[in-house]
Amino acid sequence: MSPSPRPVLLVVAHGSRDPRHAATVHALVRRVRALRPGLRVETGFLDFNVPSVPGVLESLETEGVRDVVVLPLLLTRAFHAKADIPAVLAAAPPRLRIRQAEVLGPSPLLLSALERRLYEAGLTPADKSSTGVVLASAGSSDPEAIAVIAEIAREWRLTGWCAVRPAFASASLPRTEDAVRQLRALGCARVAVAPYVLAPGFLPDRIARGAAGADVLADVLGPAPEVARVLLERYDAARAPMASAAGAA
C-alpha cells in the first residue's frame with residue numbers, strides 16, 4: 001500500500017495594493033520550495049491580490065487534493081489568525097481536510113533573521129553591546145500580540161544588545177521615532193531599527209519614516225532563509241496529527 005501524499009502547504013498572506021508585498025511573498029514561497037523539493041506549496045491572499053484563498057482551495061478540491069495545511073503568513077496571533085482565516089476556511093469545500101498551522105512567531109529563527117538583516121545593513125556582531133535596537137512591528141489592537149512583541153524585545157536584549165525597545169506602526173504605542181529617541185536618551189552609541197515585518201507595504205514604509213533619526217535601518221524579513229525554515233517547521237508540526245490519523249485509518 002503506497003503512503004498517503006503529503007498535504008499541500010497553502011501559504012496565506014494578507015495581500016496589499018503595494019506590488020512589493022506580493023513579490024516578496026512569492027520570493028519567500030520560492031525559497032520554501034527550494035528547501036523542501038517535492039512539497040507542493042501554493043499561495044493565496046486574503047485581499048487585494050490573486051489568487052484568493054477560496055479560489056485556491058476550490059482548485060485543489062477540483063484536482064482531487066484532500067489534505068491541506070494552511071499556514072498564516074503572520075508573525076503574531078492577532079485578528080487575521082483568530083478570525084479572518086478561520087472564517088475563510090469554514091467556507092472551504094467540505095471534502096478538503098484542512099489544518100491551520102500556527103503563525104510564524106515567536107521563534108529563535110526569526111531573531112536570527114532580524115540579526116541577519118541588521119548585519120546586512122552595516123552592523124557587525126562587535127557593535128551589539130553599544131547599539132540600541134528598535135523592534136518595529138506593524139502593530140495590533142490585540143493585547144496578546146502586543147505582549148508577544150514586548151517579550152521578544154526582552155529576550156533579544158539578553159543576547160547582548162545595549163537595549164531593545166518595541167515600537168508599533170499602528171494601533172499601539174510607542175511609534176518608531178519615539179523608541180529611537182528613548183534609546184538615544186539611554187546613551188546607546190548607535191541606534192538601529194529592525195522591522196519585524198515580512199514584506200514591504202504601507203506600515204513598513206511608516207516604520208522607515210520613523211527611523212529617520214536612527215543610524216541603521218534594516219530591511220524587512222522577506223525571503224530570509226530563516227523565515228523559510230520557520231514556515232517548514234510550522235508545516236511539519238501541523239501535518240503530524242494528519243499523518244497519524246491517516247495511518248490509523
Side-chain angles (χ1 to χ4, degrees), residues 72-82 101-199 203-204 206-222 224-231 233-234 237:
L73 200 59
L74 300 167
L75 294 172
T76 59
R77 271 183 44 80
F79 183 79
H80 295 305
K82 294 177 179 178
E102 292 294 331
V103 298
L104 303 185
S107 166
L109 285 170
L110 294 178
L111 285 181
S112 296
L114 286 166
E115 295 206 358
R116 169 191 291 275
R117 294 302 188 224
L118 286 170
Y119 297 151
E120 290 170 351
L123 293 180
T124 70
D127 296 323
K128 289 185 76 167
S129 63
S130 58
T131 301
V133 179
V134 178
L135 179 67
S137 75
S140 173
S141 58
D142 188 310
E144 178 187 348
I146 298 304
V148 167
I149 299 299
E151 180 60 26
I152 291 170
R154 284 191 291 270
E155 291 181 3
W156 202 15
R157 163 67 182 84
L158 297 177
T159 67
W161 296 101
C162 173
V164 180
R165 291 287 186 273
F168 308 94
S170 68
S172 305
L173 296 174
R175 296 285 183 258
T176 302
E177 53 268 33
D178 299 325
V180 169
R181 285 193 290 268
Q182 291 172 9
L183 291 172
R184 293 280 187 215
L186 280 176
C188 298
R190 67 184 63 79
V191 176
V193 175
Y196 190 59
V197 293
L198 288 166
L203 293 178
R206 181 179 288 177
I207 290 171
R209 291 192 296 273
D215 302 295
V216 173
L217 171 62
D219 199 359
V220 299
L221 294 173
E226 296 88 352
V227 179
R229 287 168 57 196
V230 176
L231 263 71
E233 284 186 356
R234 299 294 184 256

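The figures that follow rest on heavy atoms only: side chains count, while hydrogens, waters and symmetry mates do not. Counting from 1, the numbers follow the sequence of the chain as shown.
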Heavy-atom check, side chain of L231 versus side chain of L73, under 4.5 Å = yes
Would you mind checking if D219 and R116 are paired as a salt bridge, meaning a charged N to carboxylate O distance below 4.0 Å?
-> no
List the steps and the verdict of side chain to side chain contact (heavy atoms under 4.5 Å, CB included) for L203 and V197.
-> CA-CA 9 Å; L203 293 178; V197 293; over 6 Å; no
Hey, could you give me the CZ/CG distance between R190 and D127, rounded to the nearest 0.5 Å?
-> 4.0 Å
If we only count heavy atoms from C-beta on, is the D142 to T76 side-chain gap below 4.5 Å?
-> no
Take L75 and L221, measure what side chain to side chain contact (heavy atoms under 4.5 Å, CB included) needs, and give me the verdict at the end.
-> CA-CA 11 Å; L75 294 172; L221 294 173; 4.3 Å; yes
Could you please spell out the steps behind the side chain to side chain contact (heavy atoms under 4.5 Å, CB included) verdict for L104 and L198?
-> CA-CA 10 Å; L104 303 185; L198 288 166; 4.1 Å; yes
Is E226 salt-bridged to R229, cutoff N-O under 4.0 Å?
-> no
Any sub-3.5 Å donor-acceptor pair from R234's side-chain atoms to V103's backbone N or O?
-> yes
Shortest non-hydrogen pair, A121 vs A218, comes out as CB-CA, 4.0 Å
Do the non-hydrogen side-chain atoms of E102 and R77 ever get within less than 4.5 Å of each other?
-> yes
Would you find a donor on one side and an acceptor on the other, under 3.5 Å apart, between the side chain of S170 and the backbone of A138?
-> yes
Keeping the roles fixed (side chain from D215, backbone from A192), state whether a donor-acceptor pair exists under 3.5 Å.
-> no
Minimum side-chain heavy-atom gap E151-V148 below 4.5 Å | no
Under a 4.5 Å cut-off applied to non-hydrogen side-chain atoms, are L114 and V133 in contact?
-> no
